[in-house]
Amino acid sequence: MTIRLYDTATREVRDFVPLQEGKAGLYVCGLTVQSEPHVGHVRSAVNFDVLQRWLRFRGYEVTFIRNVTDIDDKILLKAAEQGRPWYNLAYAMRIELDRAYAALNVAPPTYEPAATGHIPEMIVLIEELIARGHAYAAADASGDVYFDVRSWPQYGELTHQGIDDMEPAADADPRGKRDPRDFALWKGWKQESEPETAAWPSPWGPGRPGWHIECSAMAGKYLGPAFDIHGGGVDLRFPHHENEQAQSRAAGRPFASYWMHNAWITTAGEKMSKSLGNTLSIPAVLQRYRGAELRFYMVAAHYRSHVEFSFEALDEAAAGYKRIETFLGRVGPMAGATWDLPDAFAAEMDDDLGTPAAVAVLYDTVREGNRRLAAGEDAFEQAAHVHGMLEVLGLHPADRAWAAGAGANDAEERLRAAVDALVAGLLEERAEARAAKDWSRADTIRDRIKAAGIEVTDTPDGPAWTVS
RNA sequence: GGUGGGUUGGCCGAGAGGCGAGGCAACGGACUGCAAAUCCGUGUACACGGGUUCAAAUCCCGUACCCACCUCCA
């Protein structure tokens with residue numbers, strides 16, 4: 001069965017045909033590291049992590065590049081406000097971002113290049129564009145270099161827009177532009193307002209790269225002039241992706257075969273954007289929910305569907321995830337068992353990563369497994385399927401990533417062992433009371449344990465406790 | 001002005017011409033000393049108005065409302 005993916009450029013679901021058989025080259029726009037990551041940012045990472053995992057499961061050798069934009073206007077501005085070097089802010093936020101990825105079990109990409117590490121590659125690309133007549137150095141003394149939109153007739157092909165239909169950017173400084181839609185490939189150093197550390201030498205004088213050029217340069221370096229899939233959030237379609245494609249193709253590089261865009265998570269109907277300030281940071285959410293629960297919430301919605309974030313919906317997802325965990329717990333360890341996937345699940349995943357329907361298969365399997373257990377039959381086949389499905393979605397409860405994200409450590413382990421020993425003593429007393437059918441005494445003991453914040457439940461294998 | 005997306009039962013969230021995805025909640029039942037967990041059952045939902053069709057949530061026309069992008073944004 002072939003994988004089918006929705007391609008923004010053609011606006012249809014197409015069979016995925018890689019450039020090289022058995023291999024998949026994937027480039028995803030990562031973040032500008034300028035503030036704490038919020039749930040919206042992480043959705044993109046989770047969505048493309050699922051894509052990566054699915055491609056691998058289907059046997060592709062995946063090269064996955066996700067960049068980090070570590071120099072731009074916002075970083076310079078915020079760092080100046082905070083009175084610290086821009087590179088210090090960018091680096092600190094990058095560490096935060098890595099933590100968020102780890103907490104959500106987002107697998108590291110093959111490589112994660114940073115813009116500031118690829119200035120020479122960008123300069124080469126800009127020189128190529130100038131040589132081909134698609135870019136020009138501004139006539140003024142700014143040191144800026146612009147892409148010449150009018151020189152590239154296909155401009156607008158990705159987002160199906162005509163140049164003349166576009167609203168000219170009202171607030172953009174026309175400076176030395178020939179056309180208001182021309183965009184900066186290189187920004188000359190503004191000596192009076194920008195730190196010298198944010199300027200790199202170039203044939204056009206000191207300066208820094210424009211926003212779009214980094215992705216073209218880095219995708220070219222690590223994936224080659226033509227590669228399979230380019231991804232990012234919907235807002236990036238224009239201008240970012242349109243410009244990336246224009247400058248790459250104008251330089252003679254075919255660029256991406258497929259374009260994939262994930263939809264937003266919004267709060268109160270508004271997009272969760274740094275500039276709106278209504279962020280919901282990952283560390284804050286992880287105070288209340290486990291990383292696996294948050295990831296499950298995201299995976300249960302389709303990547304192209306807009307999601308209105310709510311804690312109620314997240315609660316539901318968490319309840320559902322616990323139900324799956326409970327089933328696995330009932331079946332118990334399955335040493336040596338082979339995990340595999342139900343065909344229906346694989347078919348849904350092949351169809352443009354149909355995770356909602358795939359999750360429905362997961363629930364169906366859990367219900368069938370529970371039904372068999374209730375009937376006194378074994379549920380090993382169902383459990384093997386559930387293990388397999390969770391694994392490929394990056395949601396396996398036993399994944400070590402969760403423990404790392406939750407910050408479990410030796411002290412917690414020892415505490416848990418101590419509590420277990422104390423509770424075990426009380427549970428023994430309760431067992432005696434129950435054996436004597438002294439229900440009031442048994443319930444009194446249970447209530448005392450509950451008052452300490454620990455929930456006791458009776459299972460076929462005896463009583464179990466969890467922190468409530 | 002241009003380009004795209006959306007409106008589904010109490011809630012979340014799929015589907016894209018014909019048998020009620022799935023989950024959460026609720027109610028009834030089974031099991032359990034009681035709980036919990038689990039299972040079984042219970043819902044005639046698709047913004048509105050027309051149309052096409054034997055058959056429309058799904059296709060067509062129109063209307064309303066919402067959102068995104070065209071400016072930094074996952």
Side-chain angles (χ1 to χ4, degrees), chain A residues 8 11 28-32 34-35 37-48 69 72-75 77 156 158-172 181 211 231-242 261-266 269-276 296-297 300-302 304-308 310 312-324 326-327 329-330 344 348 354-364 366-375 434 437-440 442-443 446 450 455-460 463-464 466:
Chain A
T8 308
R11 299 163 171 164
V28 173
C29 288
L31 291 181
T32 299
Q34 51 132 8
S35 59
H38 60 237
V39 293
H41 298 306
V42 167
R43 180 184 191 186
S44 176
V46 167
N47 287 157
F48 288 106
T69 299
D72 89 320
D73 293 353
K74 275 272 171 68
I75 292 172
L77 191 70
L158 177 63
T159 49
H160 310 98
Q161 302 182 85
I163 295 182
D164 295 313
D165 290 330
M166 294 177 193
E167 259 179 17
D171 59 340
R181 292 127 185 127
W211 176 33
V234 276
D235 58 312
L236 261 27
R237 282 176 310 189
F238 193 93
H240 187 54
H241 290 339
E242 187 73 66
H261 295 277
N262 66 277
W264 297 103
I265 291 188
T266 57
E270 287 187 274
K271 80 175 162 172
M272 207 171 287
S273 139
K274 293 170 239 181
S275 36
L276 286 175
F296 185 65
Y297 173 54
H302 188 82
R304 284 194 285 122
S305 290
H306 166 122
V307 169
E308 170 71 15
S310 75
E312 291 71 24
L314 186 47
D315 282 339
E316 287 183 8
Y321 187 71
K322 285 186 189 112
R323 180 162 176 244
I324 297 165
T326 301
F327 167 66
R330 291 179 77 191
E348 297 295 354
T355 53
V359 167
V361 174
L362 176 53
Y363 276 124
D364 285 340
V366 168
R367 194 185 338 100
E368 172 64 10
N370 276 323
R371 196 197 56 71
R372 289 180 60 91
L373 290 176
R434 293 183 74 205
K437 297 201 189 295
D438 185 351
W439 308 128
S440 73
D443 290 347
R446 185 168 63 189
K450 188 174 184 178
E455 196 84 40
V456 170
T457 53
D458 295 314
T459 74
T466 52

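So you know, we letter chains A, B, ... as the sequences are listed, proteins then strands, and number each from 1.
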Go through [options] for me and flag the one nearest to the [X] side chain.
X	options	result
A:D443	B:rA14, B:rG33, B:rG22	B:rG33
A:R330	B:rC24, B:rA37, B:rA35	B:rA37
A:A374	B:rC39, B:rG33, B:rC72	B:rC39
A:Y363	B:rG22, B:rA74, B:rG33	B:rG22
A:H306	B:rG33, B:rA14, B:rC67	B:rC67
A:S44	B:rA74, B:rA68, B:rA37	B:rA74

Taking the side chain as everything from C-beta on, heavy atoms only, tell me whether [X] gets closer than 4.5 Å to [Y].
X	Y	value
A:V39	A:Y297	no
A:R434	A:D458	yes
A:P239	A:R181	no

Pairwise [atom1] distance, [M] and [N] [rounded to whole Å]:
N	M	atom1	result
B:rU7	B:rA14	C1'	15 Å
B:rA57	B:rA16	C1'	8 Å
B:rC39	B:rC46	C1'	30 Å
B:rU44	B:rA64	P	33 Å
B:rC60	B:rU53	P	16 Å
B:rG29	B:rA36	P	14 Å
B:rA25	B:rC34	C1'	23 Å
B:rG10	B:rU58	C1'	25 Å

Indicate the atoms forming the closest heavy-atom contact of [X] with [Y], along with that distance.
X	Y	value
A:L158	A:R237	CD2-O, 4.1 Å
A:F296	A:G320	CE2-C, 4.3 Å
A:G233	A:H261	O-ND1, 3.4 Å
A:V359	A:A300	CG2-CA, 4.2 Å

For [X] and [N], is the shortest distance between a side-chain N/O and OP1 or OP2 below 4.0 Å?
X	N	result
A:R367	B:rG23	yes
A:R11	B:rG4	yes
A:R323	B:rC39	yes

Touch check for [X], heavy atoms < 4.0 angstrom, all strands: base, sugar-phosphate only, or nothing?
X	answer
A:S305	sugar-phosphate
A:R43	nothing
A:G156	nothing
A:Q161	base
A:D164	nothing

Nearest-Å distance, [atom1] ([X]) to [atom2] ([N])?
X	N	atom1	atom2	value
A:Y297	B:rG22	OH	P	21 Å
A:R181	B:rG2	CZ	P	15 Å
A:N370	B:rC40	CG	P	9 Å
A:D235	B:rG5	CG	C1'	14 Å
A:H302	B:rG5	NE2	C1'	13 Å
A:R371	B:rU38	CZ	P	16 Å
A:F296	B:rG22	CZ	P	15 Å
A:F238	B:rU3	CZ	P	14 Å

**Message:** Looking at the base of B:rC34, is there any donor atom on it, or on the side chain of A:D458, that sits under 3.5 Å from an acceptor on the other one?
**Reply:** yes
**Asked** Closest nucleotide of RNA chain B for A:D73 versus for A:A313: which of these residues is on the 5' side?
**Response** A:A313
**Asked** On RNA chain B, nearest-nucleotide positions of A:R237 versus A:C29: which is more 5'?
**Response**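 Checking each residue's closest nucleotide, the 5'-ward one belongs to A:R237.
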**Message:** Can you confirm whether the side chains of A:Q34 and A:T32 place a donor and an acceptor under 3.5 Å from each other?
**Reply:** no
**Request:** Could you pull out all residues at least two apart from A:D72 that satisfy salt bridge (Lys or Arg N to Asp or Glu O under 4.0 Å)?
**Result:**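 Applying salt bridge (Lys or Arg N to Asp or Glu O under 4.0 Å) to A:D72 gives none.
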**Message:** Evaluate A:R323 against A:R367 for side-chain contact (heavy atoms from CB on, under 4.5 Å), listing each step before the verdict.
**Reply:** CA-CA 10 Å; A:R323 180 162 176 244; A:R367 194 185 338 100; 4.1 Å; yes
**Request:** Whenever both distances are under 3.5 Å in a Watson-Crick or G-U wobble pair, mark it; put RNA chain B into dot-bracket that way, with [ ] for crossing pairs and | when the partner is on another strand.
**Result:** (((((((..(((.....[...))).(((((.......)))))....(((((..]....))))))))))))....
